[in-house]
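I have placed the structure first, in the form of structure tokens, so that the comments after it can refer back to it.
The figures here come from the full heavy-atom set of this structure, side chains too, leaving out hydrogens, waters and symmetry mates. In listed order, ligands and their atoms are each counted from 1.
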Amino acid sequence: MEEPANILVIDDERGIREGCKRALTPEGFNVEVAETAASGLRQLGEGSFDLVLLDLMMPGMSGMEALDRIHEIDPDLVVIIITGYATVEAAVKTIKKGAYDFISKPFTSDDLLLVVNKGLEHRRLTLETKRLQAIEEEAKELSRAKTELEKLDAMKSRLMLTVAHELRAPIAAIQGYLGLILDGYAAEDQQEMIANACDRCDELLDMLHDLLLLAHMKEKAGELKRKKTVSVATTLEEVAGLMKAEAQTKGLNFEVRIQDRPEILADEEHLKQLWTNLISNGIRYTPSGGDVVVTLEERDGQVVGSVSDTGIGIAPDDLPRIFDEFFRTRQAKEMEEHGTGLGLPIVKEIVERYGGTIDVDSTLGEGTTFRFSIPLSVEGAGGALEGGRVVGEAEAV
Ligand code: ADP
């Protein structure tokens, strides 16, 4: 059953207050009264009303002034102005200001009931319209979320197809080698075939390693587990120390320029992975005699790192796909047969995990620069570093 409507009568004339109450209460309305606009407003603020009968001419705050205040309390509250004959003009003005209707004194209880019922019906319709609009808005929001989920689902399926396709190639090759050996077709080349099969196994394991890493990165659970204050410069020094020999063997000029030593709240392994992938790409895709230069600095509250090389570069058409899973350029495949095409997606995932961005600048045949920025203080990552101090989450190892 519908709740009875709550009505407030604000009038300084006792006769009107009592008369309204007497006329409306038997009709099942809850009626309260107020002698002044100020006390009426207080009652409106404290209770929940559907309709107000408001006298225009009152000592103290006028009905006109009260009207604005009433609509600040509840814009959908129905206000019916009670007016003497002389103030009809003013009553019309109040309608322009948002009052629903007016009733002129003197009035009968039938007149009153008519205007009150009309007003309450108007309120019911207004609230119903608003409710429907809210439902419509919610439905739109749900439909947007559904489209987003469908897109993600499609992306996931596409990725699974690509993964299956990429894993199939080395397995099919291994199966081919083994078949030839088994059928006795490889008597002379047996050693070579086994070595080839082993190479393809290595390739497969590399791919699985990177896939697992990427899957871990994408998995948000456990995100905070290994976070601690990490010096980005120290992780770079450690990684560079390990890669230096490879660069030297290849005859590259390898330089690391550390300008600042920023610290962030991070999983150390993530930072090492970030540097390792970018630097190893620089080394692998730069012919001997070339340069690989790594820089690190702190700028405008960001950790800014870059890896530049004078290597094979990336064609403009390939640049937009460079962070896609398994994507490798023709030039890269020609130079380095093996590669998973998963290093850069891992790098991107790491940078974005810490609220940062990465971009690439490259000219085919001349060289490439990858540059990333990670905010020193990451909001919403369960804690952040500000001025070297941990804020939020307690330091966790
Ligand atoms: P991988 O190096 O194993 O192929 P990545 O995801 O690390 O996989 O890189 C994807 C592709 O991006 C590479 O195959 C190569 O085509 C291109 N690339 C990445 N880094 C460089 C670079 N420094 N110079 C030229 N090409 C690069």
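Looking at Thr295, its side chain never comes within 3.5 Å of a backbone N or O of Arg257 through a donor-acceptor pair. With hydrogens and angles ignored, the 3.5 Å screen pairs no side-chain donor or acceptor of Asp309 with any backbone N or O of Val292.
The nearest heavy-atom contact from the protein to atom 21 (C) of ligand 1 is Tyr285 CD1, 3.5 Å. Here the heavy atom of the protein found nearest to atom 10 (C) of ligand 1 is Phe327 O, 3.3 Å. Among protein heavy atoms, the minimum distance from atom 17 (C) of ligand 1 is reached at Ile322 CD1, 3.6 Å. Nearest non-hydrogen protein atom to atom 19 (C) of ligand 1 is Asn281 ND2, 3.5 Å. Ala332 CB, 3.5 Å is the protein heavy atom nearest to atom 15 (C) of ligand 1.
Ring centroid separation for the pair His270 and Tyr354 comes in under the 6.0 Å cut-off.
Below 30°, between 30° and 60°, or above 60°: for Phe323 and Phe370 the angle between ring planes is above 60°, a perpendicular geometry.
For ligand 1, the polar-atom distance check finds no N/O of Ile314 at less than 3.5 Å from any of the ligand's N/O atoms. Any N or O atom pair closer than 3.5 Å counts here, and Ile312 shares no such pair with ligand 1. The shortest N/O to N/O separation between Leu344 and ligand 1 falls below 3.5 Å.
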| request: Mind running salt bridge (charged side-chain N to carboxylate O under 4.0 Å, His left out) on Glu334 and Arg330 for me, showing each step along the way? | output: CA-CA 6 Å; Glu334 280 167 11; Arg330 180 176 57 75; 3.0 Å; yes
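Using a non-hydrogen distance threshold of 4.0 Å, Gly313 registers as a contact of ligand 1. In this structure, Phe370 counts as a contact residue of ligand 1, since one of its heavy atoms falls inside 4.0 Å of the ligand. By the 4.0 Å heavy-atom criterion, Gly367 is excluded from the residues contacting ligand 1. Heavy atoms of Thr340 come nearer than 4.0 angstrom to ligand 1 in at least one pair. Between Arg284 and ligand 1 there is a heavy-atom distance shorter than 4.0 Å.
Taking all heavy atoms of Thr368, Asp309, Thr369 into account, the minimum distance to atom 23 (N) of ligand 1 is reached by Asp309.
With a 4.5 Å cut-off on side-chain heavy atoms, Thr286 and Thr310 count as touching.
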